[in-house]
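Following: one structure in structure tokens, then a few remarks.
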Amino acid sequence: MTKWFAPSLSRRLVLALAIAFVLVWLVLVAIDAAAFKSAVARQQVLRPAAETLIETLAHADADAAALIVGASEVQFNRSRQGVGLDGVGDLLFRVESPDGRLAYASGPLAPLPIRSMAAKGGLVTVAGIAYDSIVVDSPAWRLWLLEPVVSTPVLLRWLSAELLVPMFIAFPLVVLPAWIAVRRGLAPLRTLAEQISARAPFDVSPLGVTPRHAELRPLIEAFETQLKRSREGIARERAFVQDAAHELRTPLAVICAQAHRLARADGETERAEARCALERATDRTSHLVHQLLTLARLEAGTIRPATPIDLVETVRQVLIGLAPRAEEAAVEVCLQSPDRLFVVADASALHSILENLVRNALTYCPAGSIVEVALGQDEGGVQIAVRDDGPGIAPADMPRLFERFERGAGVEAVGTGLGLAIVREAARRLGGSVSTGPGLHARGAGFTVRWRAPAS
């Protein structure tokens with residue numbers, strides 16, 4: 001029972017066609033009813049019959065006129081009753097000479113003062129029944145022809161019954177081909193569903209299906225696109241896990257070695273050296289794990305709400321946090337910015353960009369270098385630029401600069417190789433991009449992040 005009432009395109013089609021047929025039926029009934037009332041109002045049926053009858057009486061005397069009209073009344077009413085419609089009343093006739101002598105009158109009309117009631121025709125009431133009357137004259141006779149007024153409910157009942165049979169005959173003739181067409185049209189979709197259901201749980205290989213129907217091609221293309229994204233995502237995650245395991249192996253090995261050294265150290269000096277080496281390895285591992293989690297969060301595409309922030313204040317807080325590292329490296333960090341710069345953006349993404357760009361500059365610049373952070377806003381949006389006058393970037397390293405775990409050849413500084421990858425993903429999160437450029441004083445390296453940010 002539940003399956004029968006489940007949503008179905010076939011049943012929906014049949015229901016839609018049934019509703020359409022009902023609407024067409026109602027419209028046709030309304031059109032026919034309007035046409036009937038218009039014909040009655042213009043006397044398109046009764047007047048020609050009355051004029052033909054009066055011409056027949058042109059040379060008849062009173063007795064002949066009575067016979068002719070009486071026979072016509074019987075014939076007309078018999079024809080009306082033969083139509084088979086319920087509620088059809090009889091026509092009434094009355095014939096008088098120009099001076100008022102009665103030649104013939106239907107039973108209900110005989111005692112009525114018809115000349116005063118319907119001198120020129122129109123609506124009259126006879127024995128409580130409403131009639132439309134028509135008056136036609138000839139030199140010899142005056143004829144009144146009265147037809148019962150058909151009420152609107154009766155008229156609609158007649159027309160509805162008349163149209164109902166052809167509509168019932170036409171309905172299956174229309175629905176059956178449409179239903180067959182839908183069933184045949186959905187057959188490839190069912191086949192596709194069976195093929196997808198038969199695939200292995202983690203099979204993201206291409207479908208390899210080329211549908212004949214143009215309507216199914218967007219669906220297949222969407223499936224293929226999604227499968228391609230899944231393959232790329234799985235490959236990216238596998239590479240990420242492999243790279244992370246490879247990068248974590250070294251600091252963990254150092255931690256293990258220094259822990260053994262600390263445990264077996266004989267003198268205080270040896271224990272202090274082992275303890276310092278262990279702390280450095282632990283800090284490096286902690287930083288690497290933090291970078292890995294940050295990159296994983298950014299690549300996962302988790303949307304965080306944008307909030308109004310003061311970009312200048314955010315930069316200052318990041319630089320304050322990195323001040324001890326800058327002092328240790330003997331590198332000067334300066335900020336070029338307006339007093340305030342309010343934007344609506346993802347604060348965590350901005351923090352990741354600033355921290356990693358400045359931290360990279362502090363890591364690779366020698367003592368005595370300068371790192372400049374510049375903020376700006378123009379019609380193109382907001383930009384953050386970090387430039388230094390350090391050793392710069394070798395041209396051979398540029399193509400892989402923003403890849404994960406990539407570090408320049410010959411670089412001796414200790415790093416994770418994830419900083420610029422995090423910057424790229426964070427810039428994408430903002431809806432922008434990161435580009436490289438010249439550093440300070442025609443030396444070093446520069447990075448600029450641009451994005452369109454609405455004013456707060």
Side-chain angles (χ1 to χ4, degrees), residues 287 290-327 331-365 369-390 393 398 401-404 415-416 418-440 444-456:
H287 178 62
H290 174 73
Q291 295 286 75
L292 288 170
L293 292 175
T294 301
L295 185 59
R297 175 178 57 82
L298 290 171
E299 289 185 342
T302 305
I303 302 299
R304 292 192 175 186
T307 55
I309 59 173
D310 182 358
L311 184 57
V312 177
E313 183 61 27
T314 301
V315 174
R316 287 174 179 164
Q317 293 298 324
V318 172
L319 296 183
I320 291 173
L322 293 174
R325 185 177 183 85
E327 184 177 355
V331 174
E332 179 184 352
V333 180
C334 58
L335 173 62
Q336 299 291 334
S337 70
D339 293 336
R340 292 286 185 269
L341 180 53
F342 291 97
V343 296
V344 178
D346 183 346
S348 64
L350 285 174
H351 194 277
S352 296
I353 291 171
L354 292 164
E355 183 178 11
N356 282 281
L357 287 179
V358 177
R359 184 184 289 272
N360 265 17
L362 295 176
T363 299
Y364 295 106
C365 286
S369 300
I370 299 175
V371 176
E372 179 188 83
V373 180
L375 307 179
Q377 186 175 28
D378 53 25
E379 295 180 356
V382 181
Q383 64 182 24
I384 300 174
V386 178
R387 294 184 288 268
D388 61 63
D389 59 354
I393 303 170
M398 295 297 292
L401 193 61
F402 294 96
E403 297 299 324
R404 295 177 301 195
T416 62
L418 293 173
L420 293 180
I422 291 174
V423 171
R424 181 186 61 182
E425 294 301 325
R428 289 178 179 173
R429 175 67 59 85
L430 294 176
S433 62
V434 58
S435 60
T436 59
L440 296 175
F447 296 89
T448 302
V449 176
R450 303 176 186 271
W451 77 97
R452 290 188 174 274
S456 63

_Considering all heavy atoms, the nearest Arg424-Val434 contact_ = CA-CG1, 4.0 Å
*Could you tell me which non-hydrogen atom of Val371 sits nearest to which non-hydrogen atom of Ala361, and how far apart they are?*
CG2-CB, 3.7 Å
*Under the criterion side chain to side chain contact (heavy atoms under 4.5 Å, CB included), which of Val386, Ile370, Leu362 is the partner of Val333?*
Leu362
*Checking Asp310 side chain against Leu341 main chain: does a donor-acceptor pair fall under 3.5 Å?*
yes
*Spacing of CZ belonging to Arg387 relative to CZ belonging to Phe447, to within rounding of 0.5 Å*: 12.0 Å
*Is the number of heavy atoms from other residues, nucleotides or ligands within 6.0 Å of CD (Glu327) greater than 12?*
no
*For Thr363 and Arg325, test the side chains for any donor-to-acceptor distance below 3.5 angstrom and give the result as yes or no.*
yes
*What is the distance from atom CG of Asp388 to atom CG of Leu440, rounded to the nearest 0.5 Å?*
6.5 Å
*asked:* Tell me the closest heavy-atom pair linking Trp451 and Gly432, and the distance in Å.
replied: CB-CA, 3.7 Å
_I need the Asn356 CG to Glu425 CD distance, nearest 0.5 Å._
12.0 Å
*Quick one: pull up CG in Leu311 and CD1 in Ile384 and give me the separation to the nearest 0.5 Å.*
4.5 Å
*Candidate pair Leu357 and Leu420, rule side chain to side chain contact (heavy atoms under 4.5 Å, CB included), full reasoning*: CA-CA 7 Å; Leu357 287 179; Leu420 293 180; 3.9 Å; yes
*Closest approach of Pro338 and Val312, non-hydrogen atoms and distance?*
O-CG2, 3.4 Å
*Ser369 and Gly390: which non-hydrogen atoms are nearest, and at how many Å?*
OG-CA, 4.4 Å
*Measure the CD1-CG distance between Ile309 and Leu350 for me, rounded to the nearest 0.5 Å.*
4.5 Å
*To the nearest 0.5 Å, what is the distance between CD1 (Ile353) and CZ (Arg429)?*
10.5 Å
_Minimum heavy-atom distance Thr314-Leu354, with the two atoms named_ = CG2-CD1, 4.1 Å
_Pair Leu430-Val382, side chain to side chain contact (heavy atoms under 4.5 Å, CB included): steps then yes or no_ = CA-CA 11 Å; Leu430 294 176; Val382 181; over 6 Å; no
